Amino acid sequence: MSKNDVILPKDFPELKNDTFLRAARGEEPEHVPVWCMRQAGRYLPEFREIRAKKDFFDTCRSPEDCCELTLQPLRRFPFDASIIFSDILVIPQAMGMDVQMLTGKGPTFTDPLKEPEDLQRLKANVDVNKELDYVFKAITLTRHKIEGKVPLIGFTGAPWTLMSYMIEGGGSTTHSKAKRWLYRHPESSHMLLKMLTDVIVEYLLGQVAAGAQALQVFESHAGILGPVEFKEFSLPYLRDIARRVKDRLKEKGQDVPMIVFAKDAHYALEELSASHYEVVGLDWTIDPRSARERTGGKVSLQGNMDPCALYAPKELISDIVKKMLEGFGTRGYIANLGHGLYPDMDPENVAAFVDAVHQHSKLAVKQA
Ligand SMILES: Cc1c2[nH]c(c1CCC(=O)O)Cc1[nH]c(c(CCC(=O)O)c1C)Cc1[nH]c(c(CCC(=O)O)c1C)Cc1[nH]c(c(CCC(=O)O)c1C)C2
């Protein structure tokens, strides 16, 4: 395939490993599927090599680079799913904000939102097919190049998480600037959250049209909200996204599983399991058995090994995985970490994690 060929979102190769999709729909495949958040990342030397040559968001805008970075971990590990390489901050960019990825500092907005009047600076009607076309192209290209090995997951940041970045202007420990809006400017906060929701719905639908076979919504900053604020400023939008995406897909006779990952939102597990998502992603602060009890078999679960357990010796990783599998069971379960891989993690230990999930779960399924 030459670089200039037009690659269309059709005639995709047949899917050979559907364990992830079956588990997402509540089934019990022959082994528990496993993937890792940030599986395309700096812990891989081949990732660092590509990233060293180009600016982060220029990399995101290159479908060829995104495709290559998405495929890299699949060459090393028998993951059961892949996630498209991109970033959640492409949405604020599409709405007209300038965001740079600064080495050692992370994402940085040149001109964050300060007061409600600043909402007027944002593009209200974003044409995702124009502004985020590069993500759709990356998805289509990757879905072809993956050759049906595993499904491809598309993703987005959730409205509150994106709102907090747009106001903080980057990473933050307190998120106090963004939370100040919730308490001081609740109406403008809802206006912004609604604007983001509208873009996110179109963005997710565009990803499915381009070839994404599942969708994950990252509410990474849920934990900075208390239960009351979460119910007012996060949950309604998470629900709205799932309902609108599902309704629109249904009209076309389509259906893709959706995962919600609201980090540190253990207080909202019951609500999250009744929010129209097939899968609820969990961080490592939740005990697997109590997560099962609290979600009452309504959803599949994904997670939740402490990423730092990957610093343990391989035998201990295997024991931790075994206990995690005993807690979650093997039906309606997707193994993952409770958050992303860190750059200093050893790829060999990632291999040990994937292997342990496959081996222990195969035995457990057979014995059941
Ligand atoms: C690998 C990577 C990404 N983004 C960033 C990096 C590291 C920087 C680099 O390569 O130079 C910067 C990058 N992008 C972001 C950060 C966090 C900064 C901060 O808030 O402190 C950094 C360092 C913002 C971001 N970006 C993302 C989230 C949600 C998930 C999470 O909670 O971690 C968030 C919060 C999503 C994301 N981001 C990325 C993916 C790709 C697919 C995969 O998981 O393999 C995904 C799903 C890719």
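Computed from heavy atoms alone, side chains included, the values below leave out hydrogens, waters and symmetry copies. Here the structure is a predicted model, which means the values were calculated and not measured. Ligands are counted one by one from 1 in listed order, and the atoms in each one are counted from 1 as well.
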Mind checking whether [X] has an N or O less than 3.5 Å away from an N or O of ligand 1?
X      : value
Ala40  : yes
Gln39  : yes
Thr161 : no
His339 : yes

How does [X] reach ligand 1, if at all, at less than 4.0 Å between non-hydrogen atoms: by side chain, backbone, both, or neither?
X      : result
Ile84  : backbone
Gln216 : neither
Ser172 : neither

Hey, are [X] and [Y] close enough for a salt bridge, meaning a charged N less than 4.0 Å from a carboxylate O?
X      : Y      : answer
Arg22  : Glu30  : yes
Arg243 : Asp240 : yes
Lys54  : Asp58  : no
Arg75  : Glu68  : yes
Glu115 : Arg180 : yes
Arg25  : Asp255 : yes

Ligand-side contact atoms (ligand 1) for residue partner [X], heavy atom cut-off under 4.0 Å:
X      : answer
Phe85  : 1 (C), 48 (C)
Met101 : 12 (C), 13 (C), 14 (N)
Ser220 : 29 (C), 30 (C), 31 (C), 32 (O), 35 (C)

* Counting distance only, does the side-chain N/O of Ser290 pair as donor-acceptor with the main-chain N or O of Pro288 below 3.5 Å? ->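 Side chain of Ser290 to backbone of Pro288: no pair is present.
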
* Asked: Do Glu229 and Tyr183 have a side chain donor and acceptor closer than 3.5 Å?
  ->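 Judged by distance alone, the side chains do pair up.
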
* **Donor-acceptor side-chain pairing of Asp80 and Asn17 below 3.5 angstrom** =>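 The criterion, which ignores hydrogens and geometry beyond distance, is satisfied for Asn17 and Asp80.
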
Protein heavy-atom partner closest to [atom] - residue, atom, separation in Å:
atom                    : result
atom 38 (N) of ligand 1 : Asp87 OD1, 3.2 Å
atom 23 (C) of ligand 1 : Pro107 CD, 4.2 Å
atom 48 (C) of ligand 1 : Ser86 O, 3.1 Å
atom 21 (O) of ligand 1 : Gly171 CA, 3.9 Å
atom 19 (C) of ligand 1 : Tyr165 OH, 3.2 Å
atom 6 (C) of ligand 1  : Phe56 CE1, 3.8 Å
atom 44 (O) of ligand 1 : Arg38 N, 2.7 Å
atom 34 (C) of ligand 1 : Ile88 CD1, 3.4 Å

I'd like to know if [X] contacts ligand 1, where contact means a heavy-atom distance under 4.0 Å to any ligand atom.
X      : value
Phe47  : yes
Lys263 : no
Gly106 : no

* Just say parallel, tilted or perpendicular for the rings of Tyr203 and Phe136, cut-offs at 30° and 60°. =>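 Ring orientation of Tyr203 relative to Phe136: tilted.
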
* Asked: Using the ring of each side chain (for Trp, its six-membered ring), is His190 parallel, tilted or perpendicular to Phe233, with breaks at 30° and 60°?
  ->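 Judged by the thresholds at 30° and 60°, the geometry between His190 and Phe233 is parallel.
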
* To do: Closest by any non-hydrogen atom to atom 11 (O) of ligand 1: pick that one out of Arg51, His175, Glu219.
  =>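 Answer by nearest heavy atom: Arg51.
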
* From Leu102 atom CG to Thr108 atom OG1, the distance as rounded to the nearest 0.5 Å ->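 Atom-to-atom, Leu102:CG and Thr108:OG1 are 3.5 Å apart.
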
* Atom CZ in Arg61, atom CG in Asp65: separation rounded to 0.5 Å? ->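 The distance works out to 12.5 Å.
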
